[in-house]
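Scroll down for the structure; my scribbles are underneath it.
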Amino acid sequence: MEHRDDTRSEVTVPHPHGTGAVVYDRQWTSDLYSSARCAAVLLGMLLLVDLAAGTLTWWRSALWISLALLLFLVLFPARVSAGEGWLASRRLLRTRRVRTDRLVAVRPLDGVAKRLVLRDTLGARVEIDPAVLLRNPDLWLRLTEAAHTSETSGTLRSGTTALHQLAERIDRETALTVFRASGLE
């Protein structure tokens with residue numbers, strides 16, 4: 001009598017617009033919960049203040065619920081995923097996808113919320129938060145491999161400096177994290 005091993009090999013289903021396994025932002029769910037908590041705290045505070053003042057009515061409650069829902073929609077995080085040769089950012093109503101092996105431009109946007117804008121030869125455009133790449137080495141690896149392909153093929157005309165600066169920043173942050181974890185800080 002043979003004993004069968006219950007372990008199954010992992011099957012990866014290729015993404016319809018590319019080959020290979022798909023990697024996702026690992027902290028997206030915690031970001032989603034954080035935005036929901038912020039909206040719930042705002043709703044609770046507004047209802048408590050209104051209740052304490054004695055002015056809580058059904059239409060004011062509806063107004064506060066609408067305001068909390070609006071805050072949740074504003075804070076709703078983009079779900080970033082990447083496969084071999086593509087990167088996608090999915091928001092509530094729309095998914096934007098760019099071919100990272102056919103990049104034309106990479107441009108950082110500085111401001112209150114830092115963004116990295118990627119454009120490809122097909123005219124597609126994706127904006128992502130560089131912190132997502134910092135938190136997810138798998139996403140960063142997919143982007144750099146494909147961007148290197150774009151750079152060597154000559155399609156990446158602007159933004160190589162921005163990519164190299166981002167790579168230096170990610171390498172520096174990764175080294176600091178390793179030093180902190182090993183106690184060599």
Are [X] and [Y] joined in one hydrophobic group, where the rule is that I, L, V, M, F, W and Y side chains link up if heavy atoms are under 4.5 Å apart?
| X | Y | result |
| --- | --- | --- |
| L70 | L93 | no |
| W86 | L156 | no |
| L73 | L71 | no |
| V104 | V106 | no |
| L75 | I65 | yes |

Can you tell me how far apart [atom1] ([X]) and [atom2] ([Y]) are? Round to the nearest 0.5 Å.
| X | Y | atom1 | atom2 | result |
| --- | --- | --- | --- | --- |
| S158 | L163 | OG | CG | 10.0 Å |
| D31 | W28 | CG | CH2 | 9.5 Å |
| L134 | D171 | CG | CG | 10.5 Å |
| T152 | D101 | OG1 | CG | 10.5 Å |
| L42 | L69 | CG | CG | 11.5 Å |
| T155 | D120 | OG1 | CG | 9.0 Å |

Check: [X] side chain, [Y] main-chain N or O, donor-acceptor pair, under 3.5 Å:
| X | Y | value |
| --- | --- | --- |
| R79 | D25 | no |
| S81 | V23 | no |
| R60 | D50 | no |
| S61 | L56 | no |

Does some side-chain heavy atom of [Y] sit less than 4.5 Å from a side-chain heavy atom of [X]?
| X | Y | result |
| --- | --- | --- |
| P108 | Q165 | no |
| R99 | T121 | no |
| L139 | I128 | no |
| F76 | L32 | yes |
| T55 | T57 | no |
| D129 | R115 | yes |
| N136 | V80 | no |
| P130 | L166 | yes |

_I need the minimum non-hydrogen distance between A78 and S89, along with the two atoms involved._
CB-OG, 3.5 Å
